[in-house]
K.L.:
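Please see the structure below; I have some questions.
As a basis for the values below, the full set of heavy atoms in this structure was taken, side chains included, without hydrogen atoms, waters or symmetry mates.
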Amino acid sequence: MTNLEIAWIFNEIADLMELKGDNIFKVRAYRKAADILHHLPEEIENIYHREELNQIPGIGKILASKVEEILQTGRCSYLERLREEIPQGLKEMLAIPGLGPKSVQTIYKRLNITTLEELEEAARKKRIRKLPGMGSKTELNILRGIEMLRRNCGQVPMGLAMSLAEALIADLKGLPEVERIEITGDLRRGREMVEGVDLLIGSQAPQGIISVLNKSPKIKQVLSCDEHRIEATTWLGIRVIINIVEPENFYLAWQQLTGSAKHNQRLQERGDKFHLKLSPSGLIRSEGHEMLPVKGEEDIYRYLELPYIPPVLREDTGEIEAAIEGRLPELIQLADIKGDLHVHSNWSDGVSEIIQLVEAARERGYQYLAITDHSKSLKIAGGLSEEKLREQREVLRSLEESLGDIHLLAGVEVDILPDGSLDYEDSFLEEMDLVIASVHTHFRMEKDRMTARIESALKNPLVDILAHPTGRILGRRDPYAVDLEYLMEVAARTGTCMEINASPDRLDLNEKGIRKAKEYGIPLAINTDAHDALRLEDMRYGIITAQRGWLERKDVVNAWDFEELKRWLGL
DNA sequence: GCCGTTTTCGGCCCGACTGTTTTCAGTCG
């Protein structure tokens, strides 16, 4: 089982314990352990085999024995006991923003409600407001929350699906019967939330693959399988579909299964003009029933007299027209990125030392890195005082000098306070190389006020970048109410950059916002917002999202050379 | 449940908002 899956188990234990009313510090120990596992630089299985579990800080005797049990048996008896004790629906209720364990407990004990459906009904019938500490707003909040959960029902964030897909590929790639294996479906297109993991295998002997999957610890249950298709579900409840085709049909099947359905329909319409019929099993010229050879996806597009259209664009949002007219964007690539402009160190709420972040940036071949810790009012994140930031700047300056091969920017992620002012005086912000502004509090402001709040930050000439402009957390928190298009108008005037936050939990701006921002000519930055050196890795999710927003290298400030960036920052 | 080790018990990120109260518990970042 992977680190991520064990982390999920610990998180579920923590949720259930909290619902039970267990000691909060015990609960927190499980959460912390989950977080540690999630960010472990190597597979815990290896650590276990070296008998070094006890050396991981945060994992004591008891948690180590649970890890051991999970690795050995694929099960966790403690979790199974908790699951029997606590109805599954209560855990789902916890996902409603504003409903915590105490409220869920009250609802369960007083009204005997155990499912979201019952909860929704009770809220509609105004039965929740009769409970102690709850009122009409709680009911409204519950209904809104359930609606949000329904919208994301059955979908998983791309980052989670991607790591599972890559783990499965790693398991299957080495099999002699697997000639080729690739990601397909909406995950390949880079959608922010996906239905599950879709893989395509080119193989002449599919039977062996099925038996390997049946035994895989990553797979909880194979739901159906024949020699062309396997459908399974993982321990985290993620749906996995693996299609298997003859190797000579691989590319056609890959293109067809990647979709989107709308894109493929448009392709077929175009095929009709050329008397071509597209299907996963063959590209046929209808007159002579001649099967055309396909040696790559490019061939398919070429038969249709189109340039190759990358998967991220295949949504029928203008890519076919652009292809016909020869104006497909030259999409930004991961290799174009020259630095990360939003990273947290352990001076505030990050876990890595500055030097570790810098090393990670150098390993990625970056020209520059900005350290942007939190500002002073964000107490929980260990926001830094002016003095601390000055001290950090000195550290960065001398580190930069001693290393000599990377430019370090002394930055800060300054909170935009509810009244629109920033968390430091302008006179201080002037000292910083890079100022990122963002909202971390008072999310539920009314739209006009929130818009005005962010507008005033954009209008401050010292603000270089607006971070995570809508504040959403994928599948968990909706964007705050804000007139984004108006803010883009403002940003276009002030020349303020907007961020594409690459954290797979955020992806904010999203692809729609990015395309809009590009229309307005706003400079964009793709930043990881990493709180851990390993998470500089998340840049790739930002790139995919930027590509889906049709961005090119020139649109992205951290794809510029340092000299150009410096000029733009006025340094 | 973990940690420390000058502690084997007593801490553990902490302050503010929200919606409910009528002085505060619960939730969140």
K.L.:
Separation of A/K26 atom NZ from B/dG1 atom P, in whole Å?
P.N.:
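About 4 Å, once rounded to whole Å.
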K.L.:
Answer syn or anti for B/dT7, where the cut-off is 90° from 0 on the glycosidic torsion.
P.N.:
syn
K.L.:
Report yes or no: do A/E43 and A/Y48 form a side-chain donor-acceptor pair below 3.5 Å?
P.N.:
no
K.L.:
Could you work out, with salt bridge (Lys or Arg N to Asp or Glu O under 4.0 Å) as the rule, every residue matching A/R535, not counting sequence neighbours?
P.N.:
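A/D538.
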K.L.:
Pairing donors with acceptors under 3.5 angstrom, does anything connect the side chains of A/S375 and A/D423?
P.N.:
yes
K.L.:
Would A/K376 pass as a cation-pi partner of A/Y424, given that its NZ or CZ must be under 6.0 Å from the six-membered ring centre and within 45 degrees of the axis?
P.N.:
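Because its charged atom misses either the 6.0 Å distance or the 45° angle limit, A/K376 does not stack over A/Y424.
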K.L.:
Taking for each residue the nucleotide of DNA chain B bearing the nearest heavy atom, is the 5' side occupied by A/M17 or by A/H442?
P.N.:
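Result of the comparison: A/M17.
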K.L.:
Answer yes when A/K516 and A/E485 have at least one side-chain N-carboxylate O distance shorter than 4.0 Å, and no when they do not.
P.N.:
yes
K.L.:
Taking only the P atom of each, what is the distance from B/dA25 to B/dT21 in whole angstrom?
P.N.:
13 Å
K.L.:
Sticking with atom P, work out how far B/dC3 lies from B/dC13, rounded to a whole angstrom.
P.N.:
13 Å
K.L.:
Can you tell me, in whole Å, how much space there is between the C1' of B/dT18 and that of B/dC12?
P.N.:
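The answer is 26 Å between these two C1' atoms.
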K.L.:
Does B/dC13 have its OP1 or OP2 closer than 4.0 Å to a side-chain nitrogen or oxygen of A/R28?
P.N.:
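A/R28 to B/dC13 OP1/OP2: side-chain N or O found under 4.0 Å.
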K.L.:
Is there a Watson-Crick or G-U wobble partner for B/dT8 with both distances under 3.5 Å, and which nucleotide is it?
P.N.:
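Partner of B/dT8: none found under 3.5 Å.
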K.L.:
If I take atom CD1 in residue A/I24 and atom P in nucleotide B/dC13, what distance separates them, rounded to the nearest angstrom?
P.N.:
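Nearest whole value for this atom pair: 12 Å.
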K.L.:
For B/dT20 and B/dG15, measure between their P atoms and round to the nearest Å.
P.N.:
26 Å
K.L.:
My understanding is that only residues two or more places apart in sequence, or in another chain, count here; which of them pass side chain to side chain donor-acceptor pair (under 3.5 Å) with A/N527?
P.N.:
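In terms of side chain to side chain donor-acceptor pair (under 3.5 Å), with neighbours along the sequence ignored, A/N527 is linked to A/E499.
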K.L.:
Compute both the distance and the angle, then confirm whether A/R477 meets the cation-pi test with A/F443: under 6.0 Å from the six-membered ring centre, within 45 degrees of the axis.
P.N.:
yes
K.L.:
Protein within reach of the bases, or only the backbone? For nucleotides 24-29 of chain B, mark each nucleotide 5' to 3' as B, S or -, using heavy atoms under 4.0 Å.
P.N.:
--SSSB
K.L.:
Can you tell me how far C1' of B/dC3 sits from CG of A/L63, to the nearest Å?
P.N.:
13 Å
K.L.:
Considering only the P atoms, how many Å lie between B/dC28 and B/dT23, rounded to the nearest integer?
P.N.:
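Looking at atom P only, B/dC28 and B/dT23 are 26 Å apart.
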K.L.:
Rounded to whole angstroms, how far apart are CZ on A/R31 and P on B/dC2?
P.N.:
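One finds 16 Å between P of B/dC2 and CZ of A/R31, rounded.
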K.L.:
Looking just at side-chain N and O atoms, do A/H344 and A/D529 make a donor-acceptor pair shorter than 3.5 Å?
P.N.:
yes
K.L.:
For A/E446 and B/dT18, what is the distance between atoms CD and P respectively, to the nearest whole Å?
P.N.:
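So the CD-P distance, A/E446 to B/dT18, works out to 13 Å.
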K.L.:
Using atom CG of A/N54 as one end and atom P of B/dG1 as the other, report the distance to the nearest whole Å.
P.N.:
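Going from CG in A/N54 over to P in B/dG1 covers 17 Å.
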K.L.:
Using a cut-off of 4.0 Å on non-hydrogen atoms, how would the nucleic acid contact of A/K61 be classed: base, sugar-phosphate, or nothing?
P.N.:
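Counting heavy atoms under 4.0 Å across all strands, the contact made by A/K61 is with sugar-phosphate only.
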K.L.:
Calculate the interatomic distance between A/R129 atom CZ and B/dT18 atom P; express it in whole Å.
P.N.:
20 Å
K.L.:
Rounded to whole Å, please give me the gap between NZ in A/K32 and P in B/dC13.
P.N.:
8 Å
